[in-house]
Amino acid sequence: MPSDAPIIAARGVSKMYELYSRPQDRLRQMLFPGGKPLYREHWALRDVSFEVGPGEAFGIIGKNGAGKSTLLQVLAGVLEPTAGEVVLPERTTALLELGSGFKPEFTGRQNVYVNAAVLGIPRATVSERLDDIAAFADIGAHFDQPVKTYSSGMFLRLAFAVTTSLEPDVLIIDEALAVGDVFFRQKCYKRLEGLLSHGTVVVLVSHAMNDVAQFCHRGLLLERGRVTYLGDAAAAVKRYMVGDGGYAPADLGDAVRGLDLPPEAQADDPWPVPEAFLDLSTVAAAENDWAGCTHVAVCDVSGQPCRSFEQGETISIFCRYAVHHDLEVAVAGVELINDKRVIVFGKNSLQFDSDHPTLTPAGSSLRVRFDVKLDLAPGEYTFNLGFSAMSHEDFERRASLSHQELESRNTVISILTRAGDFLVTFRSRDTTPVQLTHHGVANLPGQATLRLYGGDGSGTEEECLRRPKG
Ligand SMILES: Nc1ncnc2c1ncn2[C@@H]1O[C@H](COP(=O)(O)OP(=O)(O)OP(=O)(O)O)[C@@H](O)[C@H]1O
C-alpha cells in the first residue's frame, strides 16, 4: 500500500435516531414497519466524510451532543450508519468503554489472552509481550487478581497496555486518557507516538483541548452532527473556542457614539513599515463577525521586520483588529509554540496588566503590540493570536474572579493559529555568563547556591538517607 493511501475512509456517513414520544409507538412501528412513521427523526450525524492516512493522529472535537461518540461508534463498528460507509482495516481496536472487553472474574493476566484472542492475535505472540504489558500497566500484584477488584485507573492502565502492545492498525480512544494521572498520561502519549511512527492511526476524542492540539496532526470539528472544520488540529481547537463564553455585548448606544477617538491615520504610536506585515491569506483564522484581524507583523524592539532573534532578545509582535460590533473591554493575547507543538508561553493583555480602553465601538480599529523577551531554547517557533471581549463590570472586578469565572465571562472573537513564525538562535553578542542561558524550553527566574564544607565527603546521615537506594 502506498504510504499516503488512506487507512480510514468515511464517506457521507449519516446517523439518524428514531425518537418516539411513547414507548408503545416504538413497538407499533416494529410490528408495522410500512405504516406512517410514529417517530421524529433525529440526525446525530449528517454527511460526514474524511480520510486518515497511516501514522496520523486524528482528533474529533465538538460540544456535548455534537455527535462525537456516535461517530466513534460507527468507526468502531458498534453502530450501523443510516447512510454512507466507513472503510477501516481489520485490526482496529477501540478503547471506547474502558475495559469493556474484560471478563470481570478473570485476572488481568487471563484477560490479556482473552483480549488478544478476540483480536486474532496468536497466544505465542501474547506470551512474548506479556512482560511488556505487565510492566507498562504497572499494577503490581493486581495483575493476577480478578479485574472486578480493579479501580478505574487500574482498568485504564491494563486496557491501554494491552491495546497498544498488540499494535493495531487503528486505535480509537474516547476520553479514556482523562482517567489516568498525569504521569500515566505522559507515558501513554509517549507510547502512542511510538505507534504512530510505526504507521498506526490514532483517532482521539477528547474534551482536553490542549491534548488534541498538541498530540493530533489533524482535527475534525463537529457541530450538531455536521463537519464544520477539517484540517490542522490546533486550528480545529481554536475554531471550537470562538464564540464561546458568557459575554454578550450590551447595547452601548450613546456611550460609544459619544467617544472621540483619534483617527488611525494620525496615530503616533510606533507602527511597522508596510513591508513588515505578513501575508495572512493562508493563515487559519477562526473569527465571529464582531471583529477581525487585519494585520500582523513580527519585528525587533525598534519596529524593524525581524524573524531571527538571539536567545534573550525581545520580539515585538504587532497586530491590528477591525472592530465590527460595539464591544466593551477588548482583550488580546499571544501564544508561542515550539516545534513539538507545546505552548511554551501564553499571555493576554489582562495578564500583562495592560491599560485597556473601556469601550471598543464598531468601526474602530484596535492596534496591539506584544513585547516578549525570548528566554527560550534555541529553535523554531510559531505564534497564535487571540482577541476576546468582556463586560466592563467583569473587567473592573477581574482580580476577585477565579480563573474559570474570568474565562467563562470572556467571549472569544478571533483566533489566528500559527499567524507567523520566528527563530531563536544561540547568542553571539553577549555570551556572559555562558553562551546558552538555560536548558529546557523556558528560562525561569531562580538561583543556585553552592557552599563548600570540610569533612570526609561522605555526607551527613540525613543526606545519605535521602539518596535513592540501590
Ligand atoms: N441512542 C440514542 N438515541 C437517540 N438519540 C441519541 C442516541 N445516542 C445519541 N443520541 C443523540 O445524538 C446526538 C449526538 O450524541 P453523541 O453522544 O454522539 O454526542 P457527543 O458529541 O459524543 O456528546 P458528549 O460530548 O456529550 O458525549 C445527541 O443529540 C444525542 O442526544
Side-chain angles (χ1 to χ4, degrees), residues 6-11 13 15 44-45 48-62 64 66-81 84-102 111 115-116 118-121 133 136 152 155-180 184-185 187-209 211-222 225 227 230 233 236-237:
I7 299 287
I8 300 179
R11 300 192 188 100
V13 173
K15 176 70 192 172
L45 293 175
V48 174
S49 299
F50 60 90
E51 290 183 345
V52 191
E56 202 176 356
F58 189 73
I60 298 177
I61 59 173
N64 290 333
K68 305 178 297 292
S69 305
T70 306
L71 180 56
L72 282 200
Q73 289 177 66
V74 171
L75 288 179
V78 181
L79 260 188
E80 192 65 29
E85 62 162 356
V86 172
V87 181
L88 274 165
E90 243 173 56
R91 282 170 52 98
T92 295
T93 61
L95 275 175
L96 288 186
E97 261 176 71
L98 268 186
S100 56
F102 288 164
N111 267 298
N115 254 258
V118 171
L119 292 169
I121 308 219
I133 293 172
F136 190 88
S152 59
F155 253 85
L156 167 68
R157 284 166 173 273
L158 185 63
F160 194 90
V162 177
T163 318
T164 53
S165 297
L166 303 176
E167 291 168 7
D169 293 327
V170 173
L171 177 61
I172 300 174
I173 305 175
D174 184 9
E175 294 288 352
L177 295 182
V179 184
F184 186 66
R185 286 176 51 204
K187 203 162 115 172
C188 290
Y189 278 114
K190 202 163 159 224
R191 178 165 276 216
L192 291 178
E193 298 277 2
L195 286 179
L196 291 172
S197 66
H198 289 106
T200 294
V201 168
V202 178
V203 179
L204 178 74
V205 162
S206 179
H207 283 106
M209 291 300 147
D211 286 5
V212 175
Q214 262 180 44
F215 175 72
C216 295
H217 303 112
R218 283 193 308 141
L220 179 141
L221 176 60
L222 280 176
V227 178
L230 174 61
V237 167

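Since we're looking at a predicted model, the values are computed, not measured.
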Taking all atoms of both residues into account, what is the closest heavy-atom pair of [X] and [Y], and its distance?
X	Y	answer
T164	A161	OG1-O, 3.5 Å
C216	A233	O-CB, 3.3 Å
V162	N115	CG1-CB, 3.8 Å

Would you check if [X] and [Y] make a side-chain contact, meaning some heavy-atom pair closer than 4.5 Å?
X	Y	result
V52	I7	no
L196	F215	yes
L71	K15	no
E193	S197	no
F50	V227	no
V48	V74	no

Does R191 qualify as a cation-pi partner of F160, given the criterion of NZ or CZ under 6.0 Å from the six-membered ring centre and within 45 degrees of its axis?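 Judged by the rule, R191 and F160 form no cation-pi pair.
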
Going from [atom1] on [X] to [atom2] on [Y], what distance comes out if it is rounded to the nearest 0.5 angstrom?
X	Y	atom1	atom2	result
L192	K187	CG	NZ	12.5 Å
T163	I173	OG1	CD1	8.5 Å
I133	N111	CD1	CG	11.5 Å
I8	I172	CD1	CD1	6.0 Å
S49	E85	OG	CD	10.0 Å
D211	I61	CG	CD1	12.0 Å

Which pairs of donor and acceptor atoms, one on a side chain in residues 201-209, lie under 3.5 Å apart (sequence neighbours left out)?
| from | atom 1 | to | atom 2 | distance (Å) |
| --- | --- | --- | --- | --- |
| S206 | OG | A208 | N | 2.8 |
| H207 | ND1 | E175 | OE2 | 2.7 |

Name all residues meeting the side chain to side chain contact (heavy atoms under 4.5 Å, CB included) criterion together with A66; count only those two or more places apart in sequence or in a different chain, and write none if there are none.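 L222.
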
